**Q** 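There's a structure below that I have some questions on.
From a predicted model like this one, the values you see are computed outputs, not experimental measurements.
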Protein chains: 2
Amino acid sequence: MTISEENYLKVIYHVSLVAPKGVSTNAIAGMLDTKASSVTDMLKKLADKNLVSYQKYQGVTLTDEGLHKAKMIVRKHRLWEVFLVEKLQFSWDEVHEIAEELEHIQSEPLIDKLDAFLGFPAFDPHGDPIPNAKGIINKVEKELLSEANLNQMYTCVGVKDSSTEFLQYLDKQQIALGSTIKILEKEPFDETLLVEINGKKLTISNKIATNLYIR
Amino acid sequence: MTISEENYLKVIYHVSLVAPKGVSTNAIAGMLDTKASSVTDMLKKLADKNLVSYQKYQGVTLTDEGLHKAKMIVRKHRLWEVFLVEKLQFSWDEVHEIAEELEHIQSEPLIDKLDAFLGFPAFDPHGDPIPNAKGIINKVEKELLSEANLNQMYTCVGVKDSSTEFLQYLDKQQIALGSTIKILEKEPFDETLLVEINGKKLTISNKIATNLYIR
DNA sequence: AATTATTTTTAGTTTTGTCTAAATTTATTT
DNA sequence: AAATAAATTTAGACAAAACTAAAAATAATT
C-alpha cells in the first residue's frame, strides 16, 4: 500500500464513523485537500484492491479488509502520539503532524513493540481510543460538554477538534484531560456556559463546549 | 526533499567516504538497485538543487549543502536504530530496514528530542558514529581485525558489513561490541585466524576478519 | 414535472521517478 | 593508435497520483 492509499483509507474510516451509509467523493476530497476527480480515480483503485466497495455516484464504504487496514493506520497514529507526548515530552498540540508521517512506517513488530514499550495505552493524548493489534476498540461512554447537565460533576476525557488552536486554548485555560468540570450556568441566548474547572470559574463559548468530551 | 532524493544523497555520501574523488553513476545504481539512466536523471535534478556538483561522465560529489543533508539522514537513521535496540528491544540485525523508513520522517524537533531521550548516543548498535545536530562526527580510531597484530588485546567496536547474515553469525559466536579479542595464530595460506574471544578460542575466516572493526 | 444547482465522473494533461534501447563518451586492450 | 569494451547519457515511454475542463448523473427548487 502506498502512503496515498493509506491516507484515503484513513479518511474514509474517519468520515464513515459519522456518516455510516456511505462516504461521498466530495467529503473525501475536502478532508484530503484534493479534487473530486482525483478521489474518483483513487476509489476505483481501492475498489480493485477490494479495500472499499464503490458504485458510481453512490459513495463508498470500507470492506472488512479495508476497515482493518484503516484501523491499523489509526492504531499506529495514536500509538506514535502517545510516544511523542509521554516519552519525548512533546505537548499534545505538536504531535498530530509528526504522527501523520510516522503512521505510514510499515512494520508490524515495530508497532507491537512500541505498544508494549508504552504499556499498552488505551487512549491517545487527545482522549481518542487506540485500536489493539486485532483492531478492537475500547469504547467508552462520553458526551459533549454542550450536552451535559447543570451542576453535575464531570471529568474531561477528550477533544473532538484536535487543532493546535483549540488545544492551545485549552492549555491557556489550564483545561487538560482529567480536569473536573461542572456547569454552573447556561446562557439561553447563545448557550455560553459558566463552568467551574479545577475549582476555578470560567466562561466558555458554545463552540468550545461542542468540542470537549466529558464523562 | 523527496524520499528518493534523500536516498540518493545518502548513497552518494556513503560511497564518497571510500571513493572521495567522485562517485560513479554505476556505483549509485548498484547501491540503489536501479538503472544507470535513472541515476543520471536524478543527478541532474540534485545538481539543479545545488546538492551535488555533477559534470557529465565525471562522477558526482556532494556540495556543502548536500553533505549536510546527507549527514542529517544518517543521523536520523542511526538514532532510530539506537531507539529500536535500546528501547524497543530489537536485536541489532533487525533494525536496519525499519530505520530505512524512519530516517525519512521530517521533523527537526523530533530528532533532537529523540537524541536527548536516548542520552545523546555517540554510536549506533553497529558501532557507527552518529553525527550530532551540526553534522559533526566523533571519529574514533579503529581498524579491521584482518589488519591487527598477533597476541595483542583488542576490543570489538564495530562492523563493516551490517547484513542480517553477518550479524547473526556474530551473535551465534557470541561476538558483540565490547567483546575482547586477541589473535593467537594467522594461517599464511588463506589468512584464517585463530582468535580468543571473551576467553574462548575460535577460528575465523578472512571474510569475517575484514568486516569486524577493533580497537 | 421541468429547471437549475450540485455532485460526480470522464477525458485528457502534468510531474516524479522509473524503465528500455540507442547513442555517445571514456577506458582498456591488442 | 586503432579496435573493442565498459560506462554513461539521451530519447522516448510508462505508471502513479495529481490536476483542469467538460460531460453526465443526482439532488434540490421553483
**Q** Taking only N and O in the side chain of B:Ser4, is any of them less than 4.0 Å away from OP1 or OP2 of C:dT16?
**A** no
**Q** Whole Å only: how far is the OH atom of A:Tyr54 from the C1' atom of C:dT9?
**A** 7 Å
**Q** Name the orientation class of the two ring planes belonging to A:Phe83 and B:Phe117 (parallel below 30°, tilted from 30 to 60°, perpendicular beyond 60°).
**A** perpendicular
**Q** Can you tell me how far C1' of C:dT15 sits from CG of B:Asp41, to the nearest Å?
**A** 13 Å
**Q** Does A:Lys35 put a side-chain nitrogen or oxygen below 4.0 Å from OP1 or OP2 of C:dT8?
**A** no
**Q** Please round to the nearest 0.5 Å and tell me the distance separating atom CG of A:Leu84 and atom NZ of A:Lys87.
**A** 12.5 Å
**Q** Considering only nitrogen or oxygen atoms on both sides, find all protein atoms under 3.5 Å from nucleotides 21-26 of chain C and state each distance.
**A**
| unit_1 | atom_1 | unit_2 | atom_2 | d |
| --- | --- | --- | --- | --- |
| C:dT25 | O4' | B:Tyr57 | OH | 3.4 |

**Q** Output the rounded distance in Å from CD1 (B:Ile3) to C1' (C:dT16).
**A** 13 Å
**Q** Could you give the CD1-to-P distance, from A:Ile28 to C:dT8, as a whole number of Å?
**A** 9 Å
**Q** Hey, does the side chain of A:Asn26 come within less than 4.0 Å of C:dT6's phosphate (OP1/OP2), counting only N and O?
**A** no
**Q** Can you tell me how far CZ of B:Phe166 sits from NZ of B:Lys207, rounded to the nearest 0.5 angstrom?
**A** 9.5 Å
**Q** Please determine if a side-chain N or O atom of B:Ser38 lies less than 4.0 Å away from the OP1 or OP2 oxygen of C:dC19.
**A** yes
**Q** Rounded off to whole Å, could you give me the CD-to-P distance for the A:Gln55 and C:dT8 pair?
**A** 15 Å
**Q** Any donor and acceptor pair, going by atom type alone, linking the side chain of B:Ser38 with main-chain N or O of B:Thr34 inside 3.5 Å?
**A** no
**Q** Regarding A:Asp112 and A:Arg75, does a basic nitrogen lie under 4.0 Å from an acidic carboxylate oxygen?
**A** yes
**Q** Is the distance from OP1 or OP2 of D:dA18 to the nearest side-chain N or O of A:Tyr8 less than 4.0 Å?
**A** yes
**Q** Can you tell me if A:Thr40 touches the phosphate of C:dT9, counting only side-chain N or O atoms and a distance under 4.0 Å to OP1 or OP2?
**A** yes
**Q** Could you check how far CG of B:Asp48 sits from C1' of C:dT15, rounded to whole Å?
**A** 15 Å
**Q** So among B:His126, B:Glu100, B:Arg78, which one has a side-chain contact (heavy atoms from CB on, under 4.5 Å) with B:Val95?
**A** B:His126
**Q** What integer distance in Å separates B:Leu46:CG from C:dT18:P?
**A** 11 Å
**Q** Looking just at side-chain N and O atoms, do A:Asp171 and A:Trp92 make a donor-acceptor pair shorter than 3.5 Å?
**A** yes
**Q** Measure the distance from NZ on A:Lys44 to C1' on C:dT10 and round it to the nearest whole Å.
**A** 7 Å
